[in-house]
Amino acid sequence: MPALDLDTHLDTDLAAERAHLAASRAALKRMRERAEALFSTGDQVAGDAYAAETLGRTLARRVAELADDPTTPLFFGRLDFTGTPDSTTTDSTARTTADGTTTDRGPGPIPAPTTSPAPSPSAASPGGGGGDHDGRRYHVGRRHVTDEMGEPLVLDWRAPVSRSFYRASARDPQGVAVRRRFGFSNGVLTSFEDERLDRGEELGTTSRILTAEIERPRVGPMRDIVATIQPEQDELVRADLADSICVQGAPGTGKTAVGLHRAAYLLYLHRERLRRAGVLIVGPNRAFLSYIAAVLPALGEVEVEQATVEELISRVPVRAVEPAAVATLKHDVRMARVLHRAVQAQIGTPTDSITVSDGSFRWRIGLEPLHRIVEETRREGLPYGTGRERVRARVVSLLQRQAEARRAESPSDAWLRRMGRCRQVADFLDAVWPALTPEGLVYDLLADPARLAAAADGLLTDTEQALLTWAKPARTPKATRWTAADAVLIDEATGLLERPTGFGHVVVDEAQDLSPMQCRAIARRSEHGSVTLLGDLAQGTAPWAATDWKESLAHLGKPNAVVVPLTIGFRVPAAVVAFANRLLPALAVDVPPAESLRRDGGLDVRTVADLTAATVAEVRAALAHDGSVGVIAADDAVDGLRAALAAAGVPTASADDVADAERVTVVPATLVKGLEYDHVVVVEPAAIVAAEPRGLHRLYVVLTRAVSRLAVLHREPLPGPLVTWSATGEG
């Protein structure tokens with residue numbers, strides 16, 4: 001086809017796709033306006049106050065789910081299945097680029113502009129692709145959008161048929177004739193790119209649009225990756241709700257995105273079930289949770305709870321700090337056994353019968369049935385508080401039988417409640433199954449060496465028991481200044497006394513830093529649900545960091561979960577990955593080294609005389625490029641660097657200011673885990689390593705935060721394996 005005709009076809013097609021985008025946005029606006037109208041009048045149609053409140057929450061959620069961001073495209077791809085009108089034209093294919101130029105790709109079709117037809121119910125077959133979809137065309141986007149007649153303009157990326165957008169290939173087209181990707185700039189459709197899969201044409205990682213989206217500069221919170229999910233990531237995202245999985249993800253492999261998108265996918269597939277049971281995202285700190293907070297709302301999911309482990313177990317305020325050795329011991333899984341023994345030690349043995357006065361009657365329960373009640377309840381393994389009430393109920397049941405036999409009628413509910421609260425029954429309960437509180441249990445254990453010795457016998461050494469015992473305990477649990485590790489023990493005690501609220505699915509990121517006791521805290525909240533565990537053993541920086549995922553999964557109550565490695569990175573440039581990988585042999589973890597498909601980016605490692613001045617100059621140079629700039633240093637150097645940048649007229653944000661519009665963020669090394677920046681300036685690696693026992697692990701985290709360029713500035717010699725590295729990347 002002559003170039004002029006080809007350009008005309010491309011311009012026509014691009015105009016049609018822009019029109020489809022405009023129509024889709026208008027349709028989404030109408031959907032939101034209708035939801036808002038229903039919300040405003042919902043109280044008028046509800047039958048009662050409770051129904052009105054329930055309907056109001058449902059409609060408010062629907063309004064929030066339909067929010068539109070004009071800078072984010074509603075769709076990012078299109079699928080033309082075999083037999084789609086004009087999809088069999090044989091001439092030549094081309095891709096349009098953002099500047100309007102075209103690149104001839106040889107023989108192939110020129111897809112004609114049409115709107116997406118309505119899929120039949122059978123179109124959403126679990127396998128996706130082929131068969132029922134023949135002759136159909138679908139635009140794939142972040143959420144489902146329909147026109148006024150209810151016909152779909154955009155299909156949700158989570159719909160079964162959309163799977164083919166991620167899984168179809170030239171080797172396995174899955175019935176797809178043409179896969180189209182769209183390029184956008186600030187929400188404006190600027191280009192498209194076609195792959196004729198049924199003729200063996202597949203771009204893969206040479207796709208300009210795919211590469212541009214992956215490498216797009218990032219400022220502000222994390223974005224979704226629905227347009228760039230790779231087949232191996234998609235397989236994890238669409239894993240069954242019943243499956244617990246662990247993703248060992250090297251830096252830049254998208255493990256965090258996989259976990260978030262799996263949560264979105266499961267909410268789509270099991271909406272009502274998970275809306276009742278809940279979905280929980282657990283992150284390492286508030287800065288990280290703020291960074292990822294925009295991902296799920298962008299996909300229309302607004303009812304997902306996010307928390308750090310510390311927030312999950314915040315039953316008591318943390319107002320004290322203890323030595324690292326003491327905290328590490330409290331995080332040891334042996335403490336679970338110690339606490340369990342301490343609880344069981346509270347259960348006593350009946351020593352006398354019970355006689356209860358009831359008007360003119362007297363009811364008596366002998367010693368033998370009381371023994372039987374206590375032992376049967378103990379063997380049932382119930383939470384301690386539930387067991388106490390079970391003992392009470394069984395004692396009252398024996399009293400009830402006697403009353404029924406004498407009166408020939410069943411006592412009233414009020415009588416049963418009165419018997420359960422009477423002094424004789426209460427005294428019996430306090431003697432054999434006394435009331436406990438989690439704080440009181442831990443307080444008694446740490447304040448009383450004899451009680452601790454009895455519970456820890458054979459589990460903790462005398463030295464370890466001495467470490468745990470308070471030298472000067474507070475007068476009461478309420479007056480105690482609890483530490484963060486104490487809060488972990490109190491949560492374990494709470495789980496022994498009562499059942500915590502559980503979630504249908506829990507996503508845990510940066511899980512390599514969870515202690516065994518923290519894993520148990522999460523396990524109690526996912527006992528009847530599944531878990532997505534995300535992390536990298538090489539990035540473990542806590543004193544109790546995991547070295548084997550199987551152990552962590554056992555503590556989480558999911559010992560049979562499969563461990564899946566992700567090693568191919570799409571975000572961190574190859575030169576940066578190679579530099580950071582030099583640390584792996586010194587980290588003493590068995591993980592495959594990361595690989596990167598990125599051959600762009602830059603690495604600059606140099607010795608400087610004045611770290612502060614060099615940092616300011618490097619930041620100024622970085623600001624000449626697009627994207628975010630992260631300055632990472634040892635924690636005690638952060639304030640000085642922020643002050644120097646401010647004095648130089650460079651505004652900065654802190655790690656907690658994710659919503660801040662400033663392009664430069666100065667981050668303590670201890671808070672950078674999970675974050676990423678286009679240009680990273682690492683200041684004095686030796687100081688980062690020296691600041692903590694697992695300093696080399698921390699440095700590995702720091703060096704892998706760059707997604708375009710990494711500058712390493714140092715005055716002291718580089719640590720260990722990095723010493724011989726030169727600015728050219730040659731050892």
Side-chain angles (χ1 to χ4, degrees), residues 1-25 68-80 84 86-87 89 91-116 137-142 145 153-155 157 162 165-166 168 176-197 199 201-218 223-230 298 570 597-598 600 626-627 708:
M1 176 179 288
L4 182 59
D5 290 344
L6 181 60
D7 290 344
T8 301
H9 275 275
L10 292 171
D11 290 342
T12 302
D13 222 4
L14 189 60
E17 297 291 9
R18 286 172 172 166
H20 188 78
L21 176 61
S24 301
R25 285 208 182 281
D68 185 19
D69 180 358
T71 65
T72 302
L74 280 181
F75 58 80
F76 47 82
R78 197 183 82 184
L79 292 172
D80 291 2
T84 304
D86 298 317
S87 69
T89 305
D91 202 316
S92 64
T93 63
R95 62 181 163 202
T96 61
T97 60
D99 60 4
T101 61
T102 63
T103 303
D104 190 0
R105 288 183 31 234
I110 302 177
T114 69
T115 58
S116 300
R137 172 173 293 168
Y138 305 101
H139 283 77
V140 180
R142 286 167 171 78
V145 180
L153 297 172
V154 181
L155 288 186
W157 66 277
S162 299
F165 183 78
Y166 304 105
V176 177
V178 180
R179 174 169 54 205
R180 172 169 290 184
R181 298 184 190 274
F182 297 102
F184 287 84
S185 178
N186 293 320
V188 177
L189 199 159
T190 58
S191 59
F192 67 84
E193 187 177 63
D194 289 342
E195 297 171 284
R196 185 61 189 262
L197 299 182
R199 297 197 171 187
E201 296 180 13
E202 184 180 358
L203 292 171
T205 56
T206 65
S207 165
R208 295 181 184 177
I209 288 176
L210 184 66
T211 301
E213 174 62 20
I214 291 174
E215 298 178 1
R216 181 155 56 103
R218 305 212 167 182
R223 299 192 304 266
D224 65 73
I225 63 163
V226 289
T228 61
I229 293 174
Q230 299 300 296
F570 306 93
L597 297 179
R598 297 270 304 276
D600 61 335
D626 291 333
S708 291

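All values derive from a computational prediction rather than experimental measurement. Start at 1 with the first residue, then count along the sequence.
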Taking all atoms of both residues into account, what is the closest heavy-atom pair of Val154 and Val140, and its distance?
-> CG1-C, 4.1 Å
Among all residues two or more places apart in sequence or in another chain, which pass the ring-ring contact (aromatic ring centres under 6.0 Å, His included) test with Phe75?
-> His20, His139, Phe182
Residues that Thr72 engages under side-chain contact (heavy atoms from CB on, under 4.5 Å), provided they are two or more places apart | Asp69, Arg142
Using the six-membered ring of Tyr166, assess whether NZ or CZ of Arg179 lies under 6.0 Å from its centre and within 45 degrees of the ring axis.
-> no
Quick one: closest heavy-atom pair of Ser162 and Leu155, and the distance?
-> OG-CB, 4.3 Å
What distance separates Thr228 OG1 from Arg181 CZ, expressed to the nearest 0.5 Å?
-> 8.5 Å
Check: Arg180 and Asp80 side chains under 4.5 Å, non-hydrogen atoms = no
Can you name the nearest heavy-atom pair linking Leu197 to Val176, along with the distance?
-> CB-O, 3.7 Å
Sub-6.0 Å ring centroid separation between Tyr138 and Phe165 | no
Kindly give the heavy-atom pair with the smallest separation between Leu189 and Arg18, and that separation in Å.
-> O-NE, 2.8 Å
What pair of heavy atoms forms the shortest contact from Gly187 to Leu21, and how long is it?
-> O-CD2, 3.8 Å
Closest contact, heavy atoms only, Thr190 versus Leu14 | O-CD2, 4.0 Å
